Amino acid sequence: MNKLTPWILSLLTITQCAHSEAVEEPAPTKTAAAVAPSPTVALLKSDADPAVKVPIDGLPSFGDESAAVTVVMFTDYECPYCAKANARFTKLKEEYGADLRVVVASQPLPIHDHAAAAARAFLAAVEQGKGEAMHAKLFAMNDASQTMDDEGLRGAAREIGLDVAAFDRARTGPSTASALAKSEVLSSKLGVNGTPTFFVNGRRIVGARPIETFRALFDEERTKTRANGLDYAHLIAQLPEPLPPKVELVEDDSVYDVDVASAPTRGAFQGPITVVLFSDYECPYCVRAEKTLRELEAQRPGQIKIAYKFRPLPFHKNARLAAKASLAAERQGKFWPYHDVLLQHRDALGRDDLIKYATELGLSPGRFERDMDDPALEERIKADEEQADKLGAKGTPTAFMNGRRITGAQPLPRWLGLAERVKPSAN
């Protein structure tokens, strides 16, 4: 992490591994079992917030629905701190048995090349009834520093006895994409911006905390639910909805001059609001931002013009080629349909995939390949990158609404609020 360049560090303000540990896990002693647990749990200030409603419908889980303690685990299979926390949860599951249920909400971070593919591999294993085995296998690969590429994931599938052909279809198909999107929507609703993050019967706790911290919180919650005779479904029915995430706009009062002459555009070309989005086709937060922009357009019909700019990040191995592919599709009049397909398949953007999508959209594959390799498209992308650097758009997504900068996958109310304040664009 200490070798990350400044622009990656700026991205980490949006989403990162929650790796700081408040205290080291104490070494076991022979007298530990005789010591009463401390009634006070050393939690971060944010961890002490009251419990909130955390719905888990449709999320994979390990354990009994009637368990006294339900933990919703937001995790990333390439995150080393998630691996450390999972090892502690494995011990706790042995201790608490039927009293502990773990619900997995995948939160692949953009700084991890294979995290999204690993998450979908887990979800594909869930479809064959072997989610818990794949969950354990992926973290074992993390511990052993094994690469979670296609070959590694297929090998893991074989080792746990999956039908590999069905596994391959599922992990690149719509069912796992939809399941992963469900986790991302929940993380946005709860304001989860790092891994690992846990909700213990609705109470947030962040980071790979010492096992005693988890154990004390579990004991407290188990005592409470047993005393009230509640399972998780009845417990959360009584809890309040989470407050909207307290996400501040990363913007200033400056109005930037953003050239959109060469950018693909859609929407109200003479409308009062122009949004220029610097984006990356492999970035999950760019996908989220695009969904929000569609909602903004629906909320402000006839008022919004969208201009798309390219900012492929170097740790996304296929993002640059995907950008060129979208420009090749533009030459055949299909930029936006092709753009939408790329957003739906951000973890399947190899060259063969890109050609397949073009063919499915009715583009001439021969011309598409020739255009994709045209050096002129590389120059267009470089021009966008140079402009992004001048504007301070270091990470993705970064947008400019009538010249006012807004950074990150912000919720719709933030965009609407800024739309109220900006001056009409000159178009």
Side-chain angles (χ1 to χ4, degrees), residues 54-67 70-79 82-83 85-87 89-90 92-94 96-98 100-109 112-187 195-196 198 232-233 284 287 344-350 352-353 356:
V54 182
I56 60 172
D57 294 342
L59 295 179
S61 66
F62 317 139
D64 198 310
E65 291 183 5
S66 63
T70 291
V71 180
V72 182
M73 170 193 292
F74 286 87
T75 194
D76 173 315
Y77 289 111
E78 280 195 303
C79 165
C82 294
N86 187 69
F89 269 71
T90 300
L92 291 166
K93 191 70 175 70
E94 293 174 358
Y96 286 81
L100 177 61
R101 174 173 57 157
V102 176
V103 179
V104 180
S106 295
Q107 177 88 344
L109 303 182
H112 294 147
D113 288 344
H114 303 294
R120 291 185 68 174
F122 162 69
L123 292 165
V126 169
E127 293 185 11
Q128 295 190 42
K130 294 197 175 182
E132 190 165 9
M134 180 59 85
H135 178 84
K137 181 61 181 175
L138 291 170
F139 276 124
M141 293 173 70
N142 182 318
D143 288 339
S145 299
Q146 293 177 300
T147 303
M148 298 180 197
D149 56 9
D150 269 0
E151 183 179 349
L153 295 174
R154 297 182 87 244
R158 282 191 292 269
E159 287 184 34
I160 65 171
L162 295 183
D163 177 334
V164 178
F167 168 78
D168 283 339
R169 288 193 298 272
R171 70 190 175 99
T172 58
S175 62
T176 56
S178 176
L180 184 56
K182 183 185 290 291
S183 292
E184 292 179 345
V185 168
L186 182 60
S187 72
T195 60
F198 310 93
Y232 187 73
V287 176
Q344 294 167 16
H345 298 282
R346 64 177 179 79
D347 58 348
L349 298 177
D352 290 345
D353 297 312
K356 181 184 77 170

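Source: prediction; values computed, not measured.
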Chi angles and distances behind the side-chain hydrogen bond (donor to acceptor under 3.5 Å, both in side chains) call for D353, H345 | CA-CA 9 Å; D353 297 312; H345 298 282; over 6 Å; no
Side chain to side chain contact (heavy atoms under 4.5 Å, CB included) assessment of K130 paired with K137 | CA-CA 11 Å; K130 294 197 175 182; K137 181 61 181 175; over 6 Å; no
Residue pair F139, T75: steps toward the side chain to side chain contact (heavy atoms under 4.5 Å, CB included) verdict | CA-CA 11 Å; F139 276 124; T75 194; 3.3 Å; yes
List the steps and the verdict of side chain to side chain contact (heavy atoms under 4.5 Å, CB included) for E127 and T176.
-> CA-CA 9 Å; E127 293 185 11; T176 56; 3.8 Å; yes
Take R120 and L153, measure what side chain to side chain contact (heavy atoms under 4.5 Å, CB included) needs, and give me the verdict at the end.
-> CA-CA 10 Å; R120 291 185 68 174; L153 295 174; over 6 Å; no
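Here R169 does not pair with D163 in a salt bridge; the nearest charged N to carboxylate O distance is not below 4.0 Å.
Minimum interatomic distance between A118 and M148 (heavy atoms only, all atoms of both residues): CB-SD, 3.7 Å. When all heavy atoms of R346 and A116 are compared, the pair lying nearest together is NH1-CB, 3.6 Å. Scanning both residues, T147 and M141, for their nearest heavy atoms gives O-CE, 3.7 Å. Shown here for F198 and A85, the closest heavy-atom pair between the two residues is CZ-CB, 3.6 Å. Closest of all the heavy-atom pairs between D57 and K182 is O-CD, 3.5 Å. Residue E184 comes nearest to P284 through the heavy atom pair OE2-CB, 3.8 Å, listed as atom of the first residue, atom of the second, then distance.
Using bins of under 30°, 30° to 60° and over 60° for the plane-to-plane angle, the ring pair Y77/F122 lands in the tilted bin.
Note: F89 CZ to L100 CG = 7.0 Å, rounded to the nearest 0.5 Å. Atom CG of residue D150 and atom CG of residue D168 lie 7.5 Å apart, to the nearest 0.5 angstrom.
A side-chain N or O of Q107 and one of S187 form a donor-acceptor pair less than 3.5 Å apart. Inspection of the R101 and T70 side chains reveals an N or O donor paired with an N or O acceptor under 3.5 Å.
Counting heavy atoms from C-beta on, the side chains of F167 and M134 come closer than 4.5 Å. Looking at V103 and Y232, their side chains never come closer than 4.5 Å, going by heavy atoms from C-beta outward. Between H135 and N86, the closest side-chain pair of non-hydrogen atoms falls below 4.5 Å. E132 is not listed as a side-chain neighbour of V102, based on a closest heavy-atom distance of 4.5 Å or more. No side-chain heavy atom of H114 sits less than 4.5 Å from a side-chain heavy atom of L138. Side-chain contact check for P108 versus L180: some heavy-atom pair is nearer than 4.5 Å.
Applying the 6.0 Å contact sphere to NZ of K93 captures more than 12 heavy atoms from other residues, nucleotides or ligands.
Here the side chain of D76 pairs a donor or acceptor atom with the backbone of L109 at under 3.5 angstrom.
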Return all side-chain donor-acceptor pairs below 3.5 angstrom for residues 58-65, not counting sequence neighbours, or 'none' if the list is empty.
from : atom 1 : to  : atom 2 : distance (Å)
D64  : OD1    : S66 : N      : 2.8
D64  : OD1    : S66 : OG     : 2.8

